[in-house]
Amino acid sequence: MLTEAMRAILAEARQWGWVLEPEAKRLFALWGLPVPKFTWARDIGEALRFAEEIGYPVAAKVVSPEVVHKSDVKGVVAGIGGREELEEVFARFRALPGFKGVLVEEMAEGLELIVGAKVDHQFGPVILFGIGGTGVEIYKDSVLRMAPLTEKDADAMLTGLQARPLLEGYRGRDPVDRQGLTRFLLDFSRLVMTLEERITSIDINPLFCSSKGCIAADARITLPSFEGA
């Protein structure tokens, strides 16, 4: 069930047609999906205070309703190691179109996966799961299921990837938290079903998964009025 805070996030986003990443992550957190520690810094002082509070290195992303694909404008910088570097990144982001601040967050690690959903006009919500990160377009290793997902569906999605050995622990690496990943998929599915009439798609890429759990390192929610994605 949507809370008033979640409804307010979606209502505010209508002016853009999509939910800005800090607010998308706040919505995820309100739903119970794990996200990194983050702040939406409107000025450099706020960004520096937060980075010093959680400790370097940190990641920084531009927040702008005019920048949907942040990588196209080099609007994402990971592994920022100190105050001067963060100041330089903030200053560069400030010059980008529609600048509304910088998302500063803790670094996440693990296997890069993708979880997404699209509301099909004929079939309803469809859930996608696969190998994510920069390899998503290269490997094209993903599976689809209609929502809502059951535990059996989630299990089939995990075993249906060609890269399944990466989930199970490959060449001495620890396997990902399968129970945590299954729970994430089921919780995500419930969120998609709840938002079915309010969204067109949700994308999480990457979803970092390790033996310690999964965390949504990126988030994009598009609304029915938005055609620029």
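Residue indices begin at 1 and follow the sequence shown.
Checking each of N205, V68, L20, V19 against R220 for a side chain to side chain contact (heavy atoms under 4.5 Å, CB included) leaves exactly one that passes, namely V68. Shown are D187, D177, L158; of these, the side chain to side chain contact (heavy atoms under 4.5 Å, CB included) with T182 is made only by L158.
The closest donor-acceptor contact from the side chain of T200 to the backbone of T222 lies under 3.5 Å. Looking at W16, its side chain never comes within 3.5 Å of a backbone N or O of E66 through a donor-acceptor pair.
Atom CZ of R7 is surrounded by more than 12 heavy atoms from other residues, nucleotides or ligands within 6.0 Å. When the shell of 6.0 Å around CD of Q162 is examined, it contains 12 or fewer heavy atoms from other residues, nucleotides or ligands. Applying the 6.0 Å contact sphere to CD of Q15 captures more than 12 heavy atoms from other residues, nucleotides or ligands.
The shortest non-hydrogen separation linking F208 to E109 is CB-O, 3.6 Å. Counting all heavy atoms, side chain and backbone alike, L207 lies closest to A216 at CD1-N, 3.7 Å. Between L86 and I44, the closest heavy-atom pair is O-CD1, 4.1 Å.
The structure places CG of L195 at 6.5 Å from CD1 of I221, a figure rounded to the nearest 0.5 Å.
For the pair L128/V115, no side-chain contact is recorded, criterion being any heavy-atom separation below 4.5 Å from C-beta on. Side-chain contact between F38 and V58: absent, with no pair of heavy atoms (C-beta onward) separated by less than 4.5 Å. Taking the side chain as every heavy atom from C-beta outward, I114 and I131 never approach each other to under 4.5 Å.
Two rings, from F90 and F99, have their centers less than 6.0 Å apart.
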Can E53 and R49 be said to form a salt bridge (charged side-chain N to carboxylate O under 4.0 Å, His left out), step by step? CA-CA 6 Å; E53 177 184 328; R49 284 191 296 272; over 6 Å; no
Run the salt bridge (charged side-chain N to carboxylate O under 4.0 Å, His left out) check on E23 and R26 step by step: do they pass? CA-CA 5 Å; E23 291 293 82; R26 186 161 71 92; 2.9 Å; yes
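A salt bridge is absent between E46 and R42: the closest approach of a Lys/Arg side-chain nitrogen to an acidic carboxylate oxygen does not fall below 4.0 angstrom. R92 and E88 are not joined by a salt bridge, as no carboxylate oxygen comes within less than 4.0 angstrom of a charged side-chain nitrogen. Between K25 and D218 there is no salt bridge, since no side-chain nitrogen of the basic residue lies less than 4.0 Å from a carboxylate oxygen of the acidic one. With respect to E105 and K61, a salt bridge is recorded, a charged nitrogen being found less than 4.0 Å from a carboxylate O. A salt bridge is defined here as a Lys NZ or Arg NE, NH1 or NH2 lying under 4.0 Å from an Asp or Glu carboxylate O, and R178 with D155 meets this definition.
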